[in-house]
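The structure follows.
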Amino acid sequence: MEVKLNKLVFAYDGHFIKLPNKNIVSKGGFPSEVWERYLSISEELIVQARIFNGADNRASGVISNHENVSFKELPNLSSIKGALTKRNKCRQSIEDELKHSDLLVARLPSEIGLVAISVAKKLNKPYVVEVVGDAFEALFHLNSLFYKCYSFIFSYRNKQAIMGAAGAIYVTNYYLQRRYPCLGITGVASNVELDVSNVIEWNPRKGNVFGLIGTLEVAYKGVDVVIKAISLLKNRGVICQLRIIGEGKYKKNYQAMSKKYDVEELVFFDGGGKSKDEVYRWIDDLDFYIQPSKTEGLPRALIEAMSRKKVCIGSNVGGIPELLAEDYIFESKNWKSLSAKMESVINMDIQEYKNEAEVNYEKARMFDSRELDLKRACFWEEIHKSVAQ
């Protein structure tokens, strides 16, 4: 590789917490080792995102600080008020850093990412995008008429930004590329980090326990769809359980919904903030995994469940159909369709179950961290050569 770039700016709506002990904790999957992919082409990295002060040192999440990485707080543009009153401050903060930098990396969809790209264009700086989700779907499924209308504009802004990027790396193989094409250098690498080098033993079924992992801060993870499906099954005499890892403001809504649909004794909320090993042990105790999302990029939790040799069901959105066979895909938001798929896997015999679990494991092996690291390294080396020239 040629001489590294001097400085790179990474911009995203990400949520970080600064603790009193000066550690930076990521709430959204940015462990410190993530930054090494950018430091492979740059001497210094500036992360510009939403950063909040933690009251004590016990905040859940992963440590994100890293040598040669600096974190610069940006205002929150993810609310209507913030977007209207703090955009200029955000632009100025980004410009102060970007005018002394060689390259911008913006993770999309995100408002901060889009603002950073507009600044990069103004300064005639090259920019690369990481496309991790569908901008339209991310807003359209929120319980807000404003956001449903704005989703069309947001999608258009993301399409234009991605189209004009020097490069784009996608988490899906096909879906996001078709909706948000880039004319520059392109690559594919999921943001999933798995180590599947050690083949695990197949875990025989224990019962009819389904699991779901997802933040409960948003309403588009499809928890409501599964609750309705379980109620429908119960009414037909098919009893199964649902266990959920995740925390957020919608938890109380889902608890009330479980009671309303008479499945309160079948739905369990197992908290959040678990380590990777704890999550894997939790998955191992399941019989099936469900990814019922109403919008999605390429879901990390689903791939993790596949890597633990679980039979999985998923909705027909985002990159999920790239992971699962058609027999295990249901129409998003259609709990009747989901209930039929759930009943089908419950009725599997032992050999069918084992065969499908092995198929999922082999598919998950494609997301081994070493394979993905190689793909990312090739992409960033190509970007480095392009920018250096």
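Along the sequence shown, the residues carry numbers beginning at 1. Note: hydrogens, waters and symmetry copies are ignored here, and every other heavy atom, side chains too, is used.
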Between NZ of Lys7 and CG of Leu45, what distance do you get to the nearest 0.5 Å?
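Separation between the atoms: 10.5 Å.
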Would you call the rings of Trp35 and Phe16 parallel, tilted or perpendicular if under 30° counts as parallel and over 60° as perpendicular?
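Ring orientation of Trp35 relative to Phe16: tilted.
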Is it the case that Gln92 and Asn88 place a side-chain donor and acceptor less than 3.5 Å from each other?
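The answer is no; no qualifying pair exists.
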Glu304 side chain to Tyr280 backbone, donor-acceptor under 3.5 Å
no
Which heavy atom of Tyr180 sits nearest to which heavy atom of Phe136, and what is that distance?
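Closest approach of Tyr180 to Phe136, heavy atoms only: OH-N, 3.2 Å.
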Would one find more than 12 heavy atoms of other residues, nucleotides or ligands at under 6.0 Å from atom NZ of Lys18?
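No - once you tally the heavy atoms of other residues, nucleotides and ligands closer than 6.0 Å, there are 12 at most.
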Name each donor-acceptor pair under 3.5 Å that joins a side chain in residues 115-126 to protein atoms two or more places apart or in another chain, with its distance.
from   : atom 1 : to     : atom 2 : distance (Å)
Ser118 : OG     : Arg91  : NH1    : 2.6
Ser118 : OG     : Val115 : O      : 2.6
Lys122 : NZ     : Glu95  : OE1    : 3.0
Lys122 : NZ     : Glu95  : OE2    : 3.4
Lys125 : NZ     : Ser101 : O      : 2.7

Give the C-alpha distance, both sets of side-chain angles, the deciding distance and a yes or no for side chain to side chain contact (heavy atoms under 4.5 Å, CB included) between Arg179 and Asp134.
CA-CA 8 Å; Arg179 299 202 69 171; Asp134 188 327; 2.7 Å; yes
Do Phe288 and Tyr353 have their ring centres less than 6.0 Å from each other?
yes
Least distance between heavy atoms, His384 atom then Val3 atom
NE2-O, 2.9 Å
If we only count heavy atoms from C-beta on, is the Ile80 to Tyr150 side-chain gap below 4.5 Å?
no
Does Lys249, at its NZ atom, have more than 12 non-hydrogen atoms belonging to other residues, nucleotides or ligands within less than 6.0 Å?
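Not more than 12 within 6.0 Å, no.
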Greater than 12 external heavy atoms within 6.0 Å of Tyr156's OH:
no
For residues Leu183 and Tyr174: do they belong to one hydrophobic cluster (side chain heavy atoms under 4.5 Å, members Ile, Leu, Val, Met, Phe, Trp, Tyr)?
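Cluster IDs for Leu183 and Tyr174 differ.
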Looking only at atom types and distance, does a side-chain atom of Gln241 sit under 3.5 Å from a main-chain N or O of Phe268, one as donor and one as acceptor?
no
Would you kindly check if the NZ (Lys) or CZ (Arg) of Lys309 is within the cone defined by 45 degrees around the ring axis of Tyr361 and under 6.0 Å from the six-membered ring centre?
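Here Lys309 passes the 6.0 Å and 45° test against Tyr361.
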Would you say that Ser42 contacts Asp102 through its side chain, given a criterion of any heavy-atom pair below 4.5 Å between the two side chains?
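No, every pair of side-chain atoms sits at 4.5 Å or beyond.
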For residues Leu233 and Cys240, determine if any side-chain heavy atom of one lies less than 4.5 Å from a side-chain heavy atom of the other.
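When only atoms from C-beta onward are counted, Cys240 and Leu233 do touch, with a gap below 4.5 Å.
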Yes or no on side chain to side chain contact (heavy atoms under 4.5 Å, CB included) for Ile239 and Asn208, after CA distance, side-chain angles and deciding distance?
CA-CA 7 Å; Ile239 304 300; Asn208 297 331; over 6 Å; no
Got a donor-acceptor contact below 3.5 angstrom from the Ser155 side chain to the Ser151 backbone?
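Judged by distance alone, no pair lies under 3.5 Å.
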So which heavy atom on Met366 is nearest to which on Glu371, and how close?
O-CB, 4.3 Å
With a 3.5 Å distance limit and no angle check, can you tell me whether Ser315 reaches the backbone of Lys294 through a side-chain donor-acceptor pair?
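No: the side chain of Ser315 does not pair with the backbone of Lys294.
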N/O donor-acceptor pair under 3.5 Å between Ser258 side chain and Tyr254 backbone:
yes
